[in-house]
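Worksheet: the structure to be examined is printed underneath.
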Amino acid sequence: MKPLGIGLLKAVLLIGCVPLASAGEISLTASGYEGDYGTGVDAASRLMTLRYATGSRTRLRIDLPYLRFESSTTVTRTVFGATPTEGQKRKGEGPPNDAGDGTGPLAAATAEAATTELHTSDSWNTGMGDVRLALERAVAGGGVRLYRVDVGLEVKAPTADERDGLGTGEWDFRIGASAERRFWSWTGFGGLGWNRLGDPEGLELHDVLDGYAGIESRTLGDRFVVSGWLEAVDEVVSGTGSRTTIGIGFRTTGRVSWRATVLSGLSDAAPDLGLIAGLSFGVASVRAGDLRSQR
């Protein structure tokens, strides 16, 4: 973990100790993801996230994750979760037709040996994940209005150990906008963001767009919210394809609330299955689409 990341983590932990009486919300979420991400080699991750959120028109959110990630030479963990890296030429590796460009007999033998090893033994690494901080501001609507538009900035700090495959060891930034519109008993929501991804050693990550759109409804009563949505992310690593997922979620409202989400990948680069469950205490401004995944 880099010194700057350690300093930021200490500051975040201090903020996270703010009492619930300060009109904030503390939540604990457990997530699990499974899939081969189009590589033919299964990889899995388990995530516990402590979140502190506060504010209404201006909202501050801090995520402190603890991660258990299955080691694999075919995927790496980015801000979007496990990301396939097969097919990408590692920078500075070998001459053409050797292992360096992913072709030739040496490369084929190396890939076969790695695949065999991963299929016959499990290797898990556990530790602190990358801390995320987000600041959002309502720029239109809100309150009694039927619509709302927010803009925001999110920062991922490199607090995870990249040597154990728990992160990239680089800073990531996202700027984005989200909107929602109420229609009778349901609400439509969506968002679009641009991500500046730092390149880990030996791998080039693209700066990508991400987007999502969905609806949520309170047809089961005022205390129960059901959501459905689609998410998409541009190709992060050359040759691996874009990432598309579909999600269905359920949450309750009130000072003590819980949530459950099921995700399924619609493209090779996405996880085959994701399950999320969480419990929240306190009061915070909830936005349509908040049931989406915590990666």
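These numbers come from the heavy atoms of this one structure, side chains and all, not from hydrogens, waters or symmetry mates.
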Original post:
Can you check whether L205's main-chain N or O pairs, donor with acceptor, with D199's side chain at less than 3.5 Å?
Top reply: yes
Subject >> F281 side chain reached by L279 side chain, heavy atoms, under 4.5 Å >> reply: yes
Original post:
Do the side chain of E235 and the main chain of G239 share a donor and acceptor less than 3.5 angstrom apart?
Top reply: yes
Original post:
Side chains of T78 and T168: do they bring a donor and an acceptor to under 3.5 Å?
Top reply: no
Original post:
Does some side-chain heavy atom of D210 sit less than 4.5 Å from a side-chain heavy atom of R174?
Top reply: yes
**OP:** Verify, without hydrogens or angle tests, whether T159 (side chain) and V131 (backbone) share a donor-acceptor contact under 3.5 angstrom.
**Re:** yes
Original post:
With no hydrogens and no angle check, is any side-chain donor or acceptor of D164 less than 3.5 Å from a backbone partner on L166?
Top reply: no
Subject >> Residues R218 and S185: side-chain donor-acceptor under 3.5 angstrom >> reply: no
Original post:
Which heavy atom in H206 sits nearest to a heavy atom in S238, and how many Å separate them?
Top reply: NE2-OG, 2.9 Å
Original post:
Does a donor on one side chain and an acceptor on the other come within less than 3.5 Å for D172 and N195?
Top reply: no
Subject >> Polar side-chain atom of R196 near backbone of I175 as donor-acceptor pair, under 3.5 Å >> reply: no
**OP:** Please examine the side chains of V236 and L197, heavy atoms only from C-beta on, and report whether any two atoms are closer than 4.5 Å.
**Re:** yes
